Amino acid sequence: MHLSEQEIIRRDNLQKIRELGIDPYPAEKFAVNAHAAQILAEFDAEAGNFQDASLAGRLMMSRVMGKASFAELQDSTGRIQLYIARDEICPGEDKELYNTVFKKLLDIGDFIGVKGHVFTTRTGETTVHVTELKLLSKSLRPLPVVKRDDEGHVFDAFTDPELRYRQRYVDLTVNPEIKQIFLTRSRLITSMRRYFDEQGWLEVETPILQPIHGGAAARPFKTHHNTLDMPLYLRIANELYLKRLIVGGFDGVYEFGKMFRNEGMDRTHNPEFTSMEIYVAYKDYVWMMEMVEECLERVTREVTGGTVVQVGDREIDFAGPYERLTMFEAIERHTGVDISGMDEEALRDLCKKFHIEVDKTMGKGKLIDELFGEKVEDHLIQPTYITDYPIEMTPLAKKHRSSEGLVERFELFVNGKEIANAYSELNDPIDQRQRFEDQLKLKERGDEEAMELDEDFLRALEYGMPPTSGLGIGIDRLTMMLTNQLSIQEVLFFPQMKPERKMEP
RNA sequence: GAGCCUGUAGCUCAGUCGGCUAGAGCACUUGACUUUUAAUCAAGGGGUCCUGGGUUCGAGCCCCAGCAGGCUCACCA
């Protein structure tokens, strides 16, 4: 094992600490009664609070001035300055704790616990005047030292995305501001869950390992169960299982869960991602639009304190109601062409006119989808519902109540990106079987993403499913929106990475 | 999958036309300093210049191949 000079020095320091009879990894708890942010917010010299404060965290900087020193302690809430005077932590003749342990053997990154009283220095900084100091855990690797001056300029920032994602623990330590992203993510999920629970809907869990990967158009990960000696797939969606639960008699079920898709990776796609799907009985997609508006407005307010979110140089307002356009209306608005009566040939010619690549395998639905993606999507900045999609693209949605060739589906677009997808769910078992068979024909033609026929799901529908509306929301992408992040890797603690070339033991 | 860019100390980065022993700041080591705050001052240690070939008297730099990463595009919900 190759060690850098600094790693050797830290191991030497560890050994010397042991030789002094100090346990560098003590087992007993350290009683904490205050946190950095709390002290900085609440300390009042006249009130004389925090006179018996006890804090723990990492030593992140030390400025030794001889017999007195200033150091910075970082706990889960932030940093606070420590003032450490030799004769106070070593009141007797033995000055070893200060001269040797603190000045020489402690390193940046070590966990320490301190006790003392809070005061304000001559320069006005709230500081803990330390009277007791204890090593809680020794750090053996040098941490990148990120410095900031009074104007907030950052020096030697730890910014390499690869290093940050591979060693997220270092990223979180030296760039604590990124914790806000993950706090927001957590609050978003909590807030949405609370909203659903208040409506009386049930949070459920459905299988991740599935014998048939249904519910979406995507390539799956395949695995194998040894005892059953059969292939299993990691789920690409949980839709078909949640609908089985509606068949079983629940009024509303929802699941936050990981989905797995064996496809490309880029700044908006990770092989595993989190979706929230919800199904509510006796409702339709019009009702669902109203529910989504109310839910997102409230969640945004709870998470960010308002309904307006800054995304890049734009402001997005999540306050409902959101604009509703049918897909045909949206295309007409942004191309000037009414395609509602067009056949496949006319659509193909129109796509060519707009320099959109087309090929013979593309049916009517696919051509409309291309046209929409190319000409409309980017313009949908404020939350907008696009409704009523061509039937060919959507095998699990109910035929439109009044428009031939369309289904009752909407997608919610924000800042040019789709963040939610919903249907009036198809509950006619004979129609559903026909749609699955159409998918099988696509599969035979080589479409790797076409859906499999799920005989058990059809059996469930044949017993009868009430009219139901279902919705899926991409939690990662919604988090990106609410935290103003451009890449999905920034909202995942541990995004998928290629393996490291060599990882020393 | 395609194009462009990058890879030099623990971190952030210089490195000229191919030419002295490869540099800076922070971090680290030794010393000074009892209210500093990007602490300061003095001295010092630290390098597989991503890897492997090639050209050359001589390569961090030029050429070829590979690896890793970033950005853009394509594919993909």
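Only a predicted model underlies this, so the values are computations on that prediction, with no experimental measurement involved.
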Q.
If you apply the rule side-chain contact (heavy atoms from CB on, under 4.5 Å), what do you find for A:Phe318 with A:Val309, and how did you get there?
A. CA-CA 8 Å; A:Phe318 279 93; A:Val309 175; 4.0 Å; yes
Q) For B:rA39, does either OP1 or OP2 sit under 4.0 Å from a side-chain N or O belonging to A:Lys147? A) yes
Q: Could you give the distance separating B:rU12 and B:rA38 at their C1' atoms, to the nearest angstrom?
A: 14 Å
Q: Using a heavy-atom cut-off of under 4.0 Å over every strand shown, decide if A:Lys104 touches base, sugar-phosphate, or nothing.
A: sugar-phosphate
Q) Does B:rA68 pair with anything, Watson-Crick or G-U wobble, both distances under 3.5 Å, and if so, with which nucleotide? A) B:rU6
(Q) Using the rule given for salt bridge (charged side-chain N to carboxylate O under 4.0 Å, His left out), can you reason through A:Glu425 versus A:Arg409, listing the C-alpha separation, both sets of side-chain angles and the distance that settles it, and then say yes or no? (A) CA-CA 9 Å; A:Glu425 300 295 337; A:Arg409 171 184 184 182; over 6 Å; no
**Q.** Counterpart residues, ring-ring contact (aromatic ring centres under 6.0 Å, His included), relative to A:Tyr285 (two or more places apart)
**A.** none
Q. If you pin A:Glu370 and A:Val145 to their nearest nucleotides in RNA chain B, which one's is more 5'?
A. A:Val145
Q) Looking only at atom P, what distance separates B:rG52 and B:rU8, rounded to whole Å? A) 15 Å
Q. When you compare B:rA27 with B:rC71, how far apart are their P atoms, in angstrom units rounded to a whole number?
A. 30 Å
Q.
Work out how far the C1' atom of B:rG18 is from that of B:rC63, and round it to whole angstrom.
A. 13 Å
Q) Hey, can you pull the residues of residues 57-79 of chain A with a non-hydrogen atom under 4.0 angstrom from RNA chain B? A) A:Met61, A:Arg63, A:Val64, A:Met65, A:Gly66, A:Lys67, A:Ala68, A:Phe70
Q. What integer number of Å spans the P atoms of B:rG47 and B:rU40?
A. 26 Å
Q | Gap between atoms CZ and P, on A:Arg267 and B:rC75 respectively (whole Å) | A | 14 Å
Q) With a 4.0 Å cut-off on heavy atoms, is A:Tyr98 in touch with a base, just the backbone sugar-phosphate, or nothing at all? A) nothing
Q: Classify the ring geometry between A:Phe256 and A:Tyr254 as parallel (under 30°), tilted (30 to 60°) or perpendicular (over 60°).
A: perpendicular
Q. In whole angstroms, how far is the C1' atom of B:rC33 from the CG atom of A:Asn99?
A. 13 Å
Q | Nearest-angstrom distance from the residue atom CG of A:Asp107 to C1' of B:rC28 | A | 9 Å
Q.
Between B:rA43 and B:rC20, how many Å separate the two P atoms, rounded to a whole number?
A. 26 Å
Q.
What's the gap between B:rC26 and B:rA9 when it is taken at their C1' atoms, as a whole Å value?
A. 12 Å
Q: Sticking with atom P, work out how far B:rU6 lies from B:rC64, rounded to a whole angstrom.
A: 15 Å
Q | Strand partner of B:rC73, provided both Watson-Crick or wobble distances fall under 3.5 Å | A | B:rG1
Q) Using a distance-only test with no angle check, is there a side-chain donor-acceptor pair under 3.5 angstrom linking A:Ser487 and A:Glu490? A) no
**Q.** Heavy-atom check, side chain of A:Phe50 versus side chain of A:His117, under 4.5 Å
**A.** no
Q.
Need the pair for B:rC13. Rule: Watson-Crick or G-U wobble, both distances under 3.5 Å, any strand; none if unpaired.
A. B:rG23
Q. Using a cut-off of 4.0 Å on non-hydrogen atoms, how would the nucleic acid contact of A:Asp160 be classed: base, sugar-phosphate, or nothing?
A. sugar-phosphate
Q.
Measuring from the side chain of A:Arg166 (C-beta onward, heavy atoms only), which nucleotide among B:rA27, B:rG45, B:rG69 has the closest atom?
A. B:rG69
**Q.** Nucleotide opposite B:rU40 in a Watson-Crick or G-U pair, distances under 3.5 Å
**A.** B:rA32
